[in-house]
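Below: one structure, written as structure tokens.
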Amino acid sequence: MPEISKSYEPRDVERKWYASWLASRQFAAHAEPGREPYTIVIPPPNVTGVLTMGHVLNNTLQDILIRRARLEGHAALWLPGTDHAGIATQTVVERELRKQRKTRHDFGREKFLEQVWAWRHEKGNIILEQLRRLGASCDWDRTQFTMDPHYSRAVLTVFVELFRRGHIYRGKRMVNWCPASQTALSDEEVIMKPVNGFLYRVRYERVDAPGLFLEVKTTRPETIPGDTAIAVHPDDPRYAGWIGRKVRRPLGPPAEIPVIADTAVDREFGTGALKITPAHDKADFEIGNRHHLPAIEVITATGQMNDLAGPELAGKDRFAARKLAAELLRASGALVAEEPYANNVGYSERADVPVEPRLTWQWWLRYPRVEEAKAAVRDGHIRFHPERWSKVYLHWLENIQDWCISRQLWWGHRIPVWYRRGLDRDALTEADLRDPAKVHISLEGPADPADWVQEEDVLDTWASSWLWPFATLGWPDPAAQRAAGLDHFYPTTTLVTGPDIIFFWVARMIMAGLEFMRPGEPIERRIPFRHVYFTGIIRDAQGRKMSKSLGNSPDPLDLIERYGADGLRFGIVSIAPQGQDIRFQEDRIESGKNFCNKLWNACRFRQMSGETGDNSSLRAIFARIDPARFDADDHALLDRLLSTTREVDRQFQQFEFSAAAQQLYGFFWNDFCDWYVEGSKARLQAPDTRANCLAIQDLVLRQTLLLLHPFIPFITEELWSQLGYGPAGTFIEDARLENASQIVSASGSYGLHLDAAAITAVERLKGWVSAVRALKAEHQLASRRDVRFLVTAGDADWGILEANLAKVARMVGAAEVQRRVQVDGAPAAVTPLGTVYLDLASSVDAGAERVRLDRELEQIGRHIAATEARLANTAFVSKAPPAVLEGARRQLAEQQAKRVELERLRQALGAG
RNA sequence: GGACCCUUAGCUCAGUUGGUUAGAGCGUUUCCUUGACAUGGAAAAGGUCACUGGUUCGAGUCCAGUAGGGUCCA
């Protein structure tokens, strides 16, 4: 066996094992009858994506779950893939074209799409490559893409079906229009941002009474040419005489517009009079509809003013037009005032420009299975972690609006609708849509394509990704479903995602699953997943969201280079508490790396300490363990190993990943390395305890590697192999993780039973050791290894100390520890195992010692007073549970005993 | 305007159903290269648990309110 190197070098180890895992198809999922499945579908990253810290966290957690599932013996499937990301990808490719001073229209639809596909093939898998660097154990042979032929088939099938079932309709409605991408957006793709602008106070002159004005406040004077009315509240006394009159539009082509009454007007806002521009505002559009007002469109799809806005504004960009409109109004005297004003403006999520409400023909979806989707979460068939996100989910479903699913893009699933050639689409009624002579809707398209024209629009990207949990498993093709094991792997077990896409994705997947999977079967068979774990958002040290534009996002690949993939994984998981946003701090990644190095060196120490025995199984190791040679530390360590195993088990069930990481960190570093291994150094010298001590180390390291493997897969695989835990040619995941009761039952059959007294003895030994170290440090002797100590203690305490003397003497750097009946005038410390004295009487600084003892006495006095007060309270004594009462009494006894001892020491020093 | 979350050591955070003297990592101070590891070891300092009131024998934990911060939806 090669010797383990002095420090852990991740680079070669990671490369070697990942290649090895791939070569032996370790991550391939097999649908085996009788083996419980554990399924995760990856939230498909955009093909335009590069790995961010968010991806690192999200995918590390998924990898942790799936690797642990394999160790537990599940048929584990982690299904990877990417999303075609309509707007995002089209924008990226168009940006490239713009460098050549071209637009997609210079190429035409077909040629442009060829370019996008070329881009996708060249760059679209970068992020999946990066996930491999992180150690992601996806079943790569199953990699999916939302524009793969079979996936497209699923998407179009769903469209055709939902149309047939009456959920889809076409309507001319107000949509969120992105002038940059020139497409409609769903409400969810609009981000509200506070914007500092101006509120303009504009007056409209009454037609029948020149000189009489009505004032309106608006943030958008450029839309005045599109005004077709002024609305006031019917009960507003200020405007009682105005209703039914006409006023002159102060900008754009001259026009007289009516003053109307509508209860939707907020009397408190502005002047209480509202300009109505039905073509450019959602609320105005609704008021316009109620009053049969014309809608005059003055802004084009690209965000410029058109001729209807009048010659001065025509051709101007909407923002330039706003300034110009204000100047024109000022010049004509119609602008009464202008004041700074902060309001919320909707921005396009992708293009980051203000959206323009715009009246267009779009395809809409009435969500299916809304009530059932609520019930699935409310009744606990789907459990959210943390649970509170279910409120957000339910609230959204309560107020759900129809989904605009059409996009005026080229990159995406083209809507499978064909119109009869020559048909006036704008005149189509709902009935016409269902007339096969006029509109054809199918997967295959019409038999006589020459007579038809296909819809130009594509589907919203989310209208494909909402099928992800089953379209990736072969749906709707029965043969493909069988091959992929849909029956076995659906519903998936856990979805790991960010709360920011709870509406975009999570809620919609639930509805899609309920609508399309296993019709007629119980809800728990149709839901797409049983658990949803919501990660926090990763922020920088100042708490800001990480973003490209701020440049505050570290490059994960750079972090992998510097700290290793395992270091990065362990670091990011240990700082990611459940449900809270995460402040990224690089020093935590560094401590992840340090932890790996510690693990490495503990194994190195084991290897240097003696030949490896038979480590091939838990039972093989137990066979080497001799309970007759156990000392207190062996009992205590195995007890901690069991409780750690139990605790980690529980933490996995509760999705408390960072707590589990910290639990393992603490167990390994403190209990194993700092205490047990340090103690081993003396025991390994003694021939009679040596073999047993090594076997215990082998046992603990084995279990620790198994427990840690999901978090840090590379180093644990390497050490597993180095220490001979698996037969050659096998991997750590070929082993099974035993839980605490399995270990107990295995150990019992080798005659091992943990001794509770030994476990408390070790707690007291630890207290003794730290008291002695502190005593040395206080007297500037920390580094001396030749100090002699004297101990006064009862027989029981001395018995414990004596039995472990070689170990603890080495740990505190004592040349000698002797028992005495009485010691006077030496610096001392009261410990859980008697009083310990420094045998250096000559160098005692009596004054400092008095100060220290007085301080300790003062402290213990406070504690005693508090405990006594508690016990003196009759309400406490009569109402507290017996165990608590008993604990308090014992505590008081211990405190008093300690005070007696401290007082004795203090008196021995005399008055100062 | 509505909803949800947060406020604990210098920093970032734990603290499970209320129950000994509130913990960890980082940082700080002092000491240590003793044959796993200086990516390490030892010791120490550091907290009126945002504030006010309530429930309780007992509150960081439960309830109400106040202040500050954040997120989402209008």
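Keep in mind that the numbers below use all heavy atoms, side chains included, and drop hydrogens, waters and symmetry copies. To find a chain, count down the sequence lines: A is the first, B the second, and so on, and within it residues start at 1.
- Nucleotides B:rC11 and B:rU48 have their P atoms positioned 13 Å apart, rounded to a whole Å.
- Identified under the salt bridge (charged side-chain N to carboxylate O under 4.0 Å, His left out) test for residues 883-893 of chain A, with sequence neighbours left out: none.
- A straight line from CD of A:Gln780 to P of B:rC32 spans 11 Å, rounded to a whole angstrom.
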Checklist outcome for this item: Per-nt protein contacts along nucleotides 69-74 of chain B (heavy atom under 4.0 Å; B base, S backbone sugar-phosphate only, - none) come out as --S-SB
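- The separation of B:rG58 from B:rC62, taken at their C1' atoms, amounts to 13 Å, rounded to a whole angstrom.
- A donor-acceptor contact shorter than 3.5 Å links the side chain of A:Asp581 to the backbone of A:Ile537.
- Put simply, OH on A:Tyr8 is 19 Å from C1' on B:rG40, counting in whole angstrom units.
- A:Lys807 has no carboxylate O lying under 4.0 Å from a charged side-chain N of A:Glu678, or vice versa, which leaves the two without a salt bridge.
- Contact annotation: A:Arg583 side-chain N/O to B:rU12 OP1/OP2 distance is under 4.0 Å.
- The interatomic distance linking A:Phe672 (CZ) with B:rC37 (P) rounds to 15 Å, in whole Å.
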Can you pull every protein N or O that's under 3.5 Å from an N or O on nucleotides 56-58 of chain B?
from   : atom 1 : to       : atom 2 : distance (Å)
B:rC57 : OP1    : A:Lys879 : NZ     : 2.1
B:rC57 : O2'    : A:Asn873 : ND2    : 2.9

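- Rounding to the nearest 0.5 angstrom, the gap separating the CZ atom in A:Arg588 from the OH atom in A:Tyr563 is 13.5 Å.
- Across all strands shown, A:Gln685 has heavy atoms under 4.0 Å from base atoms, whether or not it also approaches the sugar-phosphate.
- Because its NZ or CZ atom is not both nearer than 6.0 Å to the ring centre of A:Trp675 and within 45° of the ring axis, A:Arg640 does not count as a cation-pi partner of that residue.
- The interatomic distance linking A:Phe584 (CZ) with B:rC13 (P) rounds to 14 Å, in whole Å.
- Nucleic acid contact class of A:Arg650 (heavy atoms, under 4.0 Å, all strands): base.
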Item to check | Evaluation steps, ring-ring contact (aromatic ring centres under 6.0 Å, His included), between A:His531 and A:Phe655 | outcome: CA-CA 10 Å; A:His531 300 277; A:Phe655 294 87; 5.3 Å; yes
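- When every heavy atom of A:Thr645 is checked against every heavy atom of A:Ala740, the shortest pair comes out as CG2-N, 3.7 Å.
- The CD-P distance, from A:Glu387 to B:rC5, rounds to 10 Å in whole Å.
- For the pair A:Gln891 and B:rU21, the criterion of a side-chain N or O lying under 4.0 Å from OP1 or OP2 is met.
- Figure legend. B:rG1 is base-paired to B:rC73; pairs are counted as Watson-Crick or G-U wobble with both atom distances under 3.5 Å.
- Comparing B:rU30 with B:rU12, their C1' atoms sit 25 Å apart, to the nearest whole Å.
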Checklist entry - Where along nucleotides 22-28 of chain B does protein come under 4.0 Å, by heavy atom, of base (B) or sugar-phosphate alone (S), with - for untouched nucleotides? => result ----S--
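- Proximity of A:Arg606 to A:Asp698: side-chain heavy atoms (C-beta onward) are separated by under 4.5 Å at one or more points.
- As rounded to whole Å, 13 Å separates atom P of B:rA36 from atom CG of A:Leu694.
- A:Asp262 places no side-chain N or O within 3.5 Å of a backbone atom of A:Ile287 that could act as its donor or acceptor partner.
- Note that A:Lys681 lies in the cation-pi zone of A:Phe605, set by a 6.0 Å cut-off to the ring centre and a 45° limit from the axis.
- B:rG65 is paired with B:rC51 under the criterion used here, namely a Watson-Crick or G-U wobble arrangement in which both key atom distances are under 3.5 Å.
- A:Cys603 comes within contact range of no nucleotide atom at all, as no heavy-atom separation falls under 4.0 Å.
- A:Lys391 has its NZ atom 17 Å from the P atom of B:rG2, to the nearest Å.
- If you take CE of A:Met608 and C1' of B:rG35, they are 7 Å apart, rounded to a whole angstrom.
- With a cut-off of 3.5 Å on both Watson-Crick or G-U wobble distances, the partner of B:rG25 is given as B:rC11.
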Checklist outcome for this item: With B for base contact, S for sugar-phosphate-only contact and - for none (protein heavy atoms under 4.0 Å), nucleotides 41-48 of chain B reads SSS-----
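- Residues A:Asp854 and A:Arg850 are not paired through a salt bridge, judged by the lack of any N-O separation under 4.0 Å between the basic side chain and the carboxylate.
- Residue contacts for A:Ser7: at a heavy-atom cut-off of 4.0 Å it reaches a base atom on one of the strands shown.
- B:rU16 is unpaired under the criterion used here, namely a Watson-Crick or G-U wobble arrangement in which both key atom distances are under 3.5 Å.
- When the C1' atom is used for both B:rG41 and B:rG35, the distance is 15 Å, rounded to whole Å.
- Backbone-only engagement by A:Lys6 is indicated by non-hydrogen atom pairs under 4.0 Å involving sugar-phosphate atoms exclusively.
- Look at the C1' atom in both B:rA24 and B:rG18: the space between them is 23 Å, to the nearest Å.
- Atom C1' of B:rA14 sits at a distance of 15 Å from the matching atom of B:rG47, rounded to the whole Å.
- Looking at A:Asn601, its side chain does come within 3.5 Å of a backbone N or O of A:Asn597 through a donor-acceptor pair.
- Comparing the same atom, C1', in B:rA44 and in B:rC51 gives a spacing of 32 Å after rounding to whole Å.
- If you look at A:Phe595 and A:Tyr665, their ring centroids are closer than 6.0 Å.
- The distance between the ring centers of A:Phe711 and A:Phe657 does not fall below 6.0 angstrom.
- Centroid-to-centroid, the aromatic rings of A:Trp720 and A:Tyr725 come within less than 6.0 Å.
- With sequence neighbours excluded, no residue forms a salt bridge (Lys or Arg N to Asp or Glu O under 4.0 Å) with A:Arg378.
- Rounded to whole Å, the separation between the C1' atoms of B:rG65 and B:rU55 comes to 15 Å.
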